[in-house]
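Below you'll find the structure, written out as structure tokens, and then a few comments.
Values below: all heavy atoms of this structure, side chains included; hydrogens, waters and symmetry mates excluded.
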Number of protein chains: 2
Amino acid sequence: MARARRNGAEDSVARTAILDAAEQLMLEEGYGAVTSRRVAMRAGVHAALIYYYFGPMDGLFVAVFRRRAEWMLERHAEALSSEQPLWALWDVLRDKNGALHLEFLALGNHRKAVGAEISSYAKKFRHMHLESLSTALGGYGVDGKSWPPVAVVVFLSSIARFLLMEQEAYDLDLGHAEAIEIVERHIRELEGERRSRASRSRARGSG
Amino acid sequence: MARARRNGAEDSVARTAILDAAEQLMLEEGYGAVTSRRVAMRAGVHAALIYYYFGPMDGLFVAVFRRRAEWMLERHAEALSSEQPLWALWDVLRDKNGALHLEFLALGNHRKAVGAEISSYAKKFRHMHLESLSTALGGYGVDGKSWPPVAVVVFLSSIARFLLMEQEAYDLDLGHAEAIEIVERHIRELEGERRSRASRSRARGSG
DNA sequence: GTCTATAGCTGGATAGAC
DNA sequence: GTCTATCCAGCTATAGAC
């Protein structure tokens, strides 16, 4: 495991402030706004400190991404362990906490270190989803020949994330309600009514 | 219609060279690499000329996007007029020519003018798809109550684009083959075997 | 239409004092 | 750990010569 940072304790106050500031900036103004100077100003520290903690800027981006991704992994694991894993996964995939994803996606396109990190986590998520849904769908008696679990995972992910993306980036939601209705109809056929909605509004603290 | 450019004929050689250079750069290195200097160098003109033709950089980005989008609109219209509109739409949605989309998406996030343009075209595409598929699905006797055409459009778009995105950005294709198989099974049930594959390899010239 | 020159700014990154 | 000072690079955008 390569260390992204060069110095400083994992739980240092300044380090956390820097991560929070970078994440906020990225969310509000895009990754182009995440410069050492602006992050430092927002975090209330001086720019040189960022290099002290994270090395070159890539290190900061990777650290921000990894922190988020780890937190999301936990939430997904939690969701999949619910007694209604399909509902839970669907809800957590549609969660707005994925808003940063788009930024990282683009960022990964021209920052190798970031791209590698994203790719690695994307695979972790897919494998995790697959493992749980294989069991669940098997239990529901779904024919794995015509509906392989891995395809179901891909469908759920595609639709959930794509709709979020369209809303976010295109301000477009024509057909979304109808599409969601169909997905949920199918989930309902397997798991019955959604019993508890995963706490959708729980946002990660940023300060 | 606001004019993005300030001067120069639509078909000027230099203007086209600049657009091509910008598009190539964006594809190869991301929009961050699209600076007036680098575009100029690649186009074999001088940087000031870009401002002459397109005004501030936003104008260049919008022009690149619009040129691509118009070309794609034509291709989609063509596809939808085929005698197998579902197959044709599915194929054209999965076409690699959408590779720039991701870049523009992120770019639109922090360049208002670009974002507005993207949003506008996204809606044009959706409406166009909807109109054609409504007719087609009706003709196939699909029950519009449980499978509204607009939902079908959203599904096809989501899956096609999301898979492309995963491949491109995540280097991830676990489950893709299975998902594609299911989609194509359903299309086949409505339209029979795919008779002609829309010329997938046709790439837009860039020089 | 095309190029030269340049003003003015912002950012990455480090050395070294404290 | 934190800050000061600084170097150097690259960018946008314009004015104005040709």
Write out a two-atom table: protein N or O, nucleotide N or O from nucleotides 13-15 of chain D, distance below 3.5 Å.
{"unit_1": "D:dA13", "atom_1": "OP2", "unit_2": "B:Met57", "atom_2": "N", "d": "3.0"}

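For A:Glu166, the side chain to side chain donor-acceptor pair (under 3.5 Å) partners two or more places apart in sequence, or in a different chain, are A:His176, B:Arg126. For A:Glu191, the salt bridge (charged side-chain N to carboxylate O under 4.0 Å, His left out) test picks out no residue, with sequence neighbours left out. Among residues two or more places apart in sequence or in another chain, the side chain to side chain donor-acceptor pair (under 3.5 Å) test is passed with A:Glu178 by none. Every residue two or more places apart in sequence or in another chain was checked for a side chain to side chain donor-acceptor pair (under 3.5 Å) with A:Glu131, and none qualifies. Scored by the salt bridge (charged side-chain N to carboxylate O under 4.0 Å, His left out) test, B:Glu74 finds no partners at all (sequence neighbours excluded). Every residue two or more places apart in sequence or in another chain was checked for a salt bridge (charged side-chain N to carboxylate O under 4.0 Å, His left out) with A:Arg37, and none qualifies. For B:Glu181, the salt bridge (charged side-chain N to carboxylate O under 4.0 Å, His left out) criterion is met by no residue, not counting sequence neighbours.
Put simply, the side chain of B:Thr16 gets close to the backbone of B:Ser12: a donor and an acceptor are under 3.5 Å apart.
In the helix from C:dG1-D:dC18 to C:dC18-D:dG1, the end axes, each obtained as the rotation axis mapping the C1' atoms of four pairs onto the next four within a five-pair block, lie 0° apart to the nearest 10 degrees.
Taking atom NE2 of A:His46 as the reference point, atom P of D:dT6 lies 16 Å away to the nearest angstrom.
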Quick one: side chains of residues 156-165 of chain B, donor-acceptor pairs under 3.5 Å with protein atoms, not counting sequence neighbours, listed by atom name and distance.
{"unit_1": "B:Ser157", "atom_1": "OG", "unit_2": "B:Val153", "atom_2": "O", "d": "2.8"}
{"unit_1": "B:Ser158", "atom_1": "OG", "unit_2": "B:Val154", "atom_2": "O", "d": "2.6"}

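When all heavy atoms of B:Ala21 and B:Val39 are compared, the closest pair comes out as CB-O, 3.7 Å. When all heavy atoms are compared, the tightest approach of A:Leu49 to A:Ala14 is CD2-CB, 4.1 Å.
Interface residues of residues 106-113 of chain A facing DNA chain C, ordered by number: none; criterion, heavy-atom separation under 4.0 Å.
Side-chain polar atoms of A:Arg42 and A:Gln24 form a donor-acceptor pair below 3.5 angstrom.
Note that the first and last nucleotides of DNA chain C, 5' to 3', having any atom under 4.0 angstrom from a heavy atom of chain B are C:dG1 to C:dT4.
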